[in-house]
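Bear in mind the structure is a predicted one, so any value in this text is a computation, not a measurement. Naming convention: chains lettered A, B, ... in sequence-line order (proteins, then strands); numbering from 1 in each chain.
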There are 2 protein chains.
Amino acid sequence: MSGQAVTAELLAVVVAMVDGHPSVLTLGEPPRLPAGPLLPSHRSLQAATRTWVEEQTGRRLGYLEQLYTFADLDREGAGELRPISVSYLGLTTPGEEPGIGGWHDWYALLPWEDTRTDTSLLDALASHLWRWADSDTGFEVERRQRVGITFGLDGHAWQPDLVLQRYELLYESGLVPESPAESRRPAAELAPGDRMLGDHRRVLATGLARLRAKIGYRPVVFELLSPTFTLRQLQDCVEALAGRAVHTQNFRRLIEQQALVEETGEVDADTGGRPARRYRFRRQVLQERSVAGTKLPTTRSR
Amino acid sequence: MSGQAVTAELLAVVVAMVDGHPSVLTLGEPPRLPAGPLLPSHRSLQAATRTWVEEQTGRRLGYLEQLYTFADLDREGAGELRPISVSYLGLTTPGEEPGIGGWHDWYALLPWEDTRTDTSLLDALASHLWRWADSDTGFEVERRQRVGITFGLDGHAWQPDLVLQRYELLYESGLVPESPAESRRPAAELAPGDRMLGDHRRVLATGLARLRAKIGYRPVVFELLSPTFTLRQLQDCVEALAGRAVHTQNFRRLIEQQALVEETGEVDADTGGRPARRYRFRRQVLQERSVAGTKLPTTRSR
DNA sequence: CGGCCTTATGCTACATCTGAGCAAAAGCCG
DNA sequence: CGGCTTTTGCTCAGATGTAGCATAAGGCCG
């Protein structure tokens with residue numbers, strides 16, 4: 001039994017902090033993720049991904065982790081051969097601009113995921129979701145449950161890492177159009193967010209979900225920061241990724257008691273207030289013990 | 001730029017509890033995981049996996065989750081086309097025996113992962129690992145660190161979900177031969193464990209790692225239990241999966257306070273002591289909130 | 001220069017969670 | 001019935017997490 005011949009494609013969600021905004025590397029218009037086929041010369045899928053990103057954007061990747069593989073029939077195929085797509089999440093620092101391609105603020109792509117300060121968009125979406133849930137389908141109860149859980153409403157806590165579930169719910173309820181091909185005008189205005197090519201925005205949502213989950217149990221934030229940083233910068237970074245604010249004092253305590261960082265001795269006077277000490281990540285902790293990442297002290301709740 | 005033509009293969013790690021032993025579904029000798037190519041008729045990778053497992057073993061799967069995708073050059077190819085393998089983790093209950101294929105106790109395949117009672121094997125392996133680490137390579141420090149962390153030695157805590165890391169470390173240090181092709185006799189006796197076809201044992205290790213991690217934050221254990229069960233059976237199941245013992249009283253407290261289960265009213269007198277109440281999983285919790293799975297109360301440490 | 005604003009940093013009171021153990025309950029068995 | 005087993009209930013101290021208050025140390029402005 002020999003299988004169908006297919007082609008394997010690599011898709012990369014490459015994330016960096018650009019001027020304080022978590023951003024994703026995109027190419028062209030409509031924006032698309034760096035991608036490329038698997039070639040005989042590639043040693044492994046991961047190596048292939050590295051190669052393509054480098055070739056298309058001129059950027060070297062540090063951290064790289066596999067996300068998900070899909071090959072649904074309904075994906076827009078590249079002709080004869082069924083494409084099977086392997087997606088990766090990469091972390092880097094913006095470095096010497098510009099390469100090819102550009103950084104796209106991911107909250108421009110998934111605006112409702114930023115709950116740090118303004119939740120008016122979410123509130124607007126919520127009212128539409130409730131209407132969707134209550135429409136006469138025979139699934140009112142299930143739908144209300146689902147809306148409540150995924151969007152942290154109705155007594156449920158907001159869970160930062162349910163990015164994909166939220167995206168899919170918005171999609172199902174017609175608030176987010178997926179492919180540029182189809183266009184449901186009225187809804188499209190409700191859940192703004194820049195579109196991307198094909199289902200790339202869904203892949204991005206997968207990457208964001210993974211990243212948010214991961215910062216909680218592995219110290220990956222530091223891949224996105226410059227070698228030295230203040231605790232405030234670290235916190236801003238975590239908040240930007242998680243999309244929500246955290247309690248400052250408790251955050252620093254967590255960092256310190258885990259001994260994730262060490263002082264450099266320098267201070268940064270650009271704070272607008274008392275100067276802040278600069279720190280660097282203690283890479284050794286990666287060896288010393290399997291560290292527990294940046295736990296989020298829960299926070300000023302909504 | 002059109003990519004290399006490849007074939008996609010599905011690989012399934014199907015787990016069930018068989019007579020109290022966590023077991024994996026295998027075919028043939030040497031045992032191999034159920035597998036099959038992606039065909040044009042398959043809607044999705046997940047659907048393809050379901051189909052193949054059903055066809056090859058006559059078993060329906062419940063829970064099914066994607067594990068990892070690999071396409072390394074050094075994998076034993078199926079001829080012309082480079083195979084790219086997508087692995088899945090499936091959970092089920094043994095049900096009406098026998099289908100085709102059989103259940104293989106996974107601790108027969110990865111014996112050092114069972115630390116519930118006897119740790120003599122681990123101790124034996126440890127002494128060899130230390131020797132390996134201390135051999136004159138210039139990497140003594142790094143190697144000692146790595147051995148300590150992955151095997152919970154030298155002050156580090158044993159982490160159940162580092163299954164893959166342990167397997168790879170044993171492999172690197174020559175204690176576990178990978179493919180039946182190569183054979184390093186002396187070592188093979190040290191880390192016993194039944195072999196499997198090709199790199200299937202590595203895939204199994206990946207599955208076990210994922211499962212152990214997952215029971216901690218999602219209530220998946222119940223997929224492996226019969227509809228009603230005693231708390232002791234639940235605990236045995238969790239212990240078998242995690243490969244270590246837990247504190248009984250604290251375990252029940254966790255289960256109860258999370259309201260994961262409800263009494264059926266029946267009791268089970270076969271306990272050898274005081275009869276135990278039977279419970280059933282409250283499926284509703286999956287809706288009510290995104291529940292936090294079966295946290296392991298840490299335990300009688302080694 | 002002194003008061004005021006801002007952010008950084010230190011610390012404390014309080015709630016909750018965890019780990020560990022004691023002890024009673026409720027079957028069986030001889 | 002006493003002894004054995006496992007289930008079940010409960011306590012208690014230490015660790016961890018949450019939420020504030022308070023102070024330190026800069027810049028800015030009158």
Could you tell me how far apart B/Ile255 (CD1) and D/dT7 (C1') are, to the nearest whole angstrom? 15 Å
Not counting sequence neighbours, which residues clear salt bridge (charged side-chain N to carboxylate O under 4.0 Å, His left out) with A/Arg280? List them please. A/Glu262
Value in whole Å for how far the C1' atom of C/dA8 lies from CG of A/Leu234: 14 Å
Nearest whole Å is fine: how far is C/dT16 P from A/Asn250 CG? 16 Å
Length of the CD-C1' vector between B/Gln257 and D/dC10, whole Å: 14 Å
Run the salt bridge (charged side-chain N to carboxylate O under 4.0 Å, His left out) test against B/Arg143 and tell me which residues pass, sequence neighbours left out. none
B/Arg232 side chain near D/dT7 phosphate (N/O to OP1/OP2, under 4.0 Å): yes
Among residues 266-277 of chain A, which ones have heavy-atom contacts with DNA chain D below 4.0 Å? A/Gly273, A/Arg274, A/Pro275
Among all residues two or more places apart in sequence or in another chain, which pass the side chain to side chain contact (heavy atoms under 4.5 Å, CB included) test with B/Glu168? B/Leu164, B/Arg202
Separation of B/Gln258 atom CD from C/dC17 atom C1', in whole Å? 12 Å
Counterpart residues, side chain to side chain contact (heavy atoms under 4.5 Å, CB included), relative to A/Ala276 (two or more places apart): A/Thr230, A/Thr271
Taking atom types as modelled and ignoring hydrogens, do the side chains of B/Thr248 and B/Gln235 form a donor-acceptor contact shorter than 3.5 angstrom? yes
Between C1' of C/dT7 and CD of A/Glu239, the distance in whole Å: 14 Å
Distance in angstrom units between A/Leu254 CG and C/dT9 P, rounded: 16 Å
How close or far is atom P of D/dT11 from atom NE2 of B/His247, stated in whole angstroms? 15 Å
Is a donor-acceptor contact shorter than 3.5 angstrom present between the side chain of B/Arg253 and the base of C/dG19? yes
My understanding is that only residues two or more places apart in sequence, or in another chain, count here; which of them pass salt bridge (charged side-chain N to carboxylate O under 4.0 Å, His left out) with B/Arg60? B/Glu54
